[in-house]
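Down below is the structure, laid out as structure tokens.
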Amino acid sequence: MNRTGRVLLVAALVTVVAMAFRVSWNALRDIANAIGADHTAAMLYPFVVDGLMALALVATLVLAGRDRTFALRVLGTYTIASLVLNYVHGLVPKLHGATVDWGRLADWDPANWALVLLATSLPVGSIYFGSDLVAKVLHHRPAPIPTPVANAEESTDTVSNRSTADLTESTPARLPVAPVRMPDPVTVDFLKSALPLKPVPTVVAPTAAPAIERHAVAAAESTRPRRATGRVPEAARSSRPKRTPDQLLAEARTVTADWPDAKLTAEGIRLAVHTSPKNARTLRETLRAERDSAVKAG
């Protein structure tokens, strides 16, 4: 609908509402006079009831959620109350000429009490519900409208391309499948049945494996030191000749002749004569025994 159509629709709606208010205003004014309102209060009473209905209708269009439900309930309640009062005004002709007794809206007492309670409570309700609706409308924050993306299709393509390029591993290529060879068709006679011959496996002649050639590698080409395995060659052996126990004892006597008894240890003898720990312990015991014998003989 264009703007002109909307304006005409709103103007027609306002006109209908204004005429309906004028019709209802007459009935509500007479009800206000019957419950004891003065001339000014009776003139303003229709604005209290029907005016709150208009306010609740506007709040329903603005609010959302639970606040909108509350505004709809207020609108429905005051609509029903206005309908009841207009209905009572039509049933009691005495209200039209203001000849009814004060505070009397019905002949039956319970109905009269209910109607008087309804008519007198509407102004108080208008103050409460009207203030609440105005506060809700003023504090209402409409939800933000999302901004449409101009190039939505381009962005979607970009995301899809980017996600495809960011794969860590590519899809593996399909392996070629070797075709399966079916046996050749066999001609079958209509009068005599024949069984297909089994295929004779082809014997493949064994082929000799090629001989592995051994190449001599010079020792000088290897940079890693080789571990000595087996017997040590003569060139790698020590040049010191192997000494007999008597020679070791004589050399130990010469070296330790001026040693005190505290210094006469196996480790010291081993370092002095360059022998094994076992021979050094034997020499230590022998030298200590000789010194003990010399001390006893002296």
Side-chain angles (χ1 to χ4, degrees), residues 1 5-143:
M1 183 181 293
R6 293 180 180 179
V7 172
L8 294 176
L9 179 62
V10 173
L13 179 61
V14 171
T15 303
V16 172
V17 171
M19 290 188 295
F21 174 76
R22 175 63 185 87
V23 174
S24 177
W25 177 81
N26 190 29
L28 294 179
R29 182 197 60 182
D30 294 340
I31 294 292
N33 286 324
I35 61 175
D38 58 7
H39 180 72
T40 305
M43 294 292 292
L44 296 177
Y45 186 82
F47 294 98
V48 173
V49 180
D50 295 342
L52 184 63
M53 291 170 54
L55 176 61
L57 179 61
V58 174
T60 303
L61 299 176
V62 175
L63 300 176
R66 299 178 60 183
D67 295 338
R68 183 180 182 182
T69 303
F70 173 75
L72 285 173
R73 290 176 180 176
V74 173
L75 176 61
T77 302
Y78 270 72
T79 301
I80 295 174
S82 179
L83 175 62
V84 170
L85 295 180
N86 279 272
Y87 178 71
V88 171
H89 183 266
L91 287 178
V92 182
K94 295 180 181 181
L95 292 174
H96 304 172
T99 59
V100 69
D101 295 337
W102 179 78
R104 196 72 184 176
L105 298 179
D107 295 334
W108 188 40
D109 290 340
N112 181 66
W113 297 337
L115 291 174
V116 172
L117 177 62
L118 175 64
T120 54
S121 61
L122 289 179
V124 180
S126 296
I127 297 173
Y128 174 76
F129 294 119
S131 302
D132 194 8
L133 289 176
V134 171
K136 291 181 182 299
V137 170
L138 294 178
H139 290 84
H140 177 66
R141 293 293 182 270

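On a predicted model such as this, the values are computed, not experimentally measured, just so you know. Count residues from 1 along the sequence.
In terms of the side-chain contact (heavy atoms from CB on, under 4.5 Å) criterion, Ser121 has no residue partners (sequence neighbours excluded). The side chain to side chain donor-acceptor pair (under 3.5 Å) test applied to Ser126 returns Tyr78, not counting sequence neighbours. Residues satisfying the side chain to side chain donor-acceptor pair (under 3.5 Å) test with Asp132, not counting sequence neighbours, are none.
Within the 4.5 Å cutoff, the side chain of Val74 has no heavy atoms near those of the Thr60 side chain. The closest side-chain heavy-atom distance from Asn26 to Arg29 is below 4.5 Å.
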Review item, side-chain donor-acceptor pairs of residues 11-22, under 3.5 Å, at least two apart:
unit_1, atom_1, unit_2, atom_2, d
Thr15, OG1, Ala11, O, 2.8

Just distance, no hydrogens or angles: give the donor-acceptor pairs under 3.5 Å from side chains in residues 61-72, sequence neighbours left out.
unit_1, atom_1, unit_2, atom_2, d
Asp67, OD1, Lys136, NZ, 3.4
Thr69, OG1, Gly65, O, 3.2

Donor-acceptor pairs under 3.5 Å, side chain of residues 39-58 to any protein atom, not counting sequence neighbours: which ones?
unit_1, atom_1, unit_2, atom_2, d
Tyr45, OH, Ala119, O, 2.6
Asp50, OD1, Ser82, OG, 3.3
Asp50, OD2, Ser24, OG, 3.0

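Closest of all the heavy-atom pairs between Thr120 and Val116 is OG1-O, 2.7 Å.
Separating the CG atom in Leu85 from the CG atom in Leu28 is a distance of 6.0 Å, to the nearest 0.5 Å. Trp25 CH2 to Asp30 CG: the interatomic distance, rounded to the nearest 0.5 Å, is 9.0 Å. Separation of atoms CD1 (Ile80) and CG (Leu75) is listed at 10.0 Å; rounding is to 0.5 Å.
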